[in-house]
Amino acid sequence: MARGVLSFPLTSFHDDGTLDPDGFRAHVAAQIATGPGAVFPACGTGEFFSLDEDEYRQVVTIAVEEAGGRVPVVAGTGYGWAQAVRFARIAEEAGADALLVLPHYLVAAPQDGLVAQLEQIAARTRLPLIAYQRGQVAFGVDAFQRVAAIDGVIGLKDGHSDLDRLQRLTLAAPEDFLFFNGASTAEIQARAYASVGVPAYSSAVHAFAPEIANAFFAALRDGDDKAVAKLLRDFYVPLVELRDRVPGYAVSLVKAAARLRGRPVGPVRAPLTDPSDADLANLRLLLTTGLDLVGAAL
């Protein structure tokens, strides 16, 4: 998965908020055509939290069909372990290759509970699991070692960006354990994550501008520090500044940018809100700038 950007496709909705399977199929097919390292449907960027079980089944099934075995399909699952297992079984039936276990719902929990959550899910699915530490989920070294020893747990996605803690986890991990940079707008911290042995990262930008995401990935891989710095300075940092204006823009702006490029992804579902007209105008200018940097057009 470190050989290409990790794609987290958007879930397409009609204007009335209902699922748009045809729009999603077109979107995920376009994502796969750009050569990502893996596809992660129905995760955070894909608004997993707003999908019912039937919608989830359709989304994962379509992603598996469009991937056609060319790239791994890692479906999101989450909430408490009992509900996570219901989604896991649907993903199994749909043909997913693995599961990303999103942070559980709402409650804070001790380290023993975080381990038990993954134990319960792993015991009830055949699919490999990637744990996701973010928000209220943060593993200490001891708990992480117990997680890594669970049969079926193959990786950890990190969204905390605590590089001291993450370095300790990578040093304590089994040799073949997978790590992923899951920070919001992960490119901002990609060099820092790589320095502690975590080169693979998810890219929300890939969902609307794979040209930019792939150009950044190539520059980072090739050690082109000048190109990396220019993309960060002129596109990624301003994008983060715009993203941080409103809660939920980490998804809403991505969907809005995809719509600006004619992608059939539709609006976000409540409680998220679509960007204001002023922010949408700023997003259009920023997107045009980013595409110009890599020789592409809106």
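The figures that follow rest on heavy atoms only: side chains count, while hydrogens, waters and symmetry mates do not.
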So, are [X] and [Y] salt-bridged, with charged N and O less than 4.0 Å apart?
X	Y	result
K255	D274	no
R146	D142	no
R269	E55	yes
R124	E119	no

Considering non-hydrogen atoms only, spot the tightest contact between [X] and [Y] and give its length.
X	Y	value
A96	V60	CB-CG1, 4.1 Å
P36	V71	O-CG1, 3.4 Å
L100	A131	CD1-O, 4.3 Å
V74	C43	O-SG, 4.1 Å
G37	P72	O-CD, 3.4 Å
V198	N181	CG1-N, 3.6 Å

Quickly, which of R86, R126, R57 forms a salt bridge (charged side-chain N to carboxylate O under 4.0 Å, His left out) with E93? Name it, please.
->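 With E93 as partner, salt bridge (charged side-chain N to carboxylate O under 4.0 Å, His left out) holds for just one option, R57.
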
Can we call the ring centroids of F40 and Y132 under 6.0 Å apart?
-> no

Close aromatic pair by centroid cut-off 6.0 Å: F216 and F235 | no

Looking at side-chain heavy atoms only, is the closest gap between [X] and [Y] below 4.5 Å?
X	Y	answer
E92	L99	no
V5	Y201	yes
R165	H160	no
L114	F144	no
W81	L118	no
V147	F139	yes

Gap between atom [atom2] of [Y] and atom [atom1] of [X] - 0.5 Å precision:
X	Y	atom1	atom2	value
H27	I62	NE2	CD1	12.0 Å
F13	L19	CZ	CG	6.5 Å
T11	D20	OG1	CG	10.5 Å
L280	L260	CG	CG	5.0 Å
F177	Q145	CZ	CD	11.0 Å
L231	I188	CG	CD1	10.5 Å

Output yes when a side-chain donor or acceptor of [X] lies under 3.5 Å from a complementary backbone atom of [Y], and no otherwise.
X	Y	answer
R70	A67	yes
R191	E187	no
D279	P275	no
S202	G182	no
S195	A192	yes

Regarding [X] and [Y], do their side chains bring together a donor and an acceptor under 3.5 Å, going by distance alone?
X	Y	value
T170	Q167	yes
H206	Q31	yes
Q83	E53	yes
T273	Y249	no

Under 6.0 Å from the [atom1] atom of [X], do we count more than 12 heavy atoms belonging to anything else shown?
X	atom1	answer
D54	CG	yes
D16	CG	yes
R168	CZ	no
D151	CG	no

Please walk me through it: do Y193 and L163 pass side chain to side chain contact (heavy atoms under 4.5 Å, CB included)?
-> CA-CA 7 Å; Y193 270 83; L163 297 182; 4.2 Å; yes

Dump the intermediate steps for side chain to side chain contact (heavy atoms under 4.5 Å, CB included) on V205 and Y236, then the final yes or no.
-> CA-CA 9 Å; V205 169; Y236 283 100; 3.5 Å; yes

Could you check D176, I130, L127 and say which one makes a side-chain contact (heavy atoms from CB on, under 4.5 Å) with I154?
->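 The option that passes is I130.
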
Under the side chain to side chain contact (heavy atoms under 4.5 Å, CB included) criterion, do R89 and V85 qualify, and how do the steps go?
-> CA-CA 6 Å; R89 288 172 178 160; V85 168; 3.5 Å; yes

Run the side-chain donor-acceptor check on residues 285-298: report pairs under 3.5 Å with partners two or more places apart or on a different chain.
from, atom 1, to, atom 2, distance (Å)
T288, OG1, R284, O, 2.9
T289, OG1, L285, O, 3.0

Let me see the working for F48 and Y79 under ring-ring contact (aromatic ring centres under 6.0 Å, His included), right down to the final yes or no.
-> CA-CA 10 Å; F48 166 77; Y79 305 114; 5.3 Å; yes

Throw together a table of side-chain donor-acceptor distances under 3.5 angstrom for residues 103-111, partners on residues two or more places apart or in other chains.
from, atom 1, to, atom 2, distance (Å)
H104, NE2, V107, O, 2.6
Q111, OE1, G140, N, 2.7
Q111, NE2, A138, O, 2.8

Residue set satisfying side-chain contact (heavy atoms from CB on, under 4.5 Å) with S184, at least two apart, ordered chain then number -> R134, R243

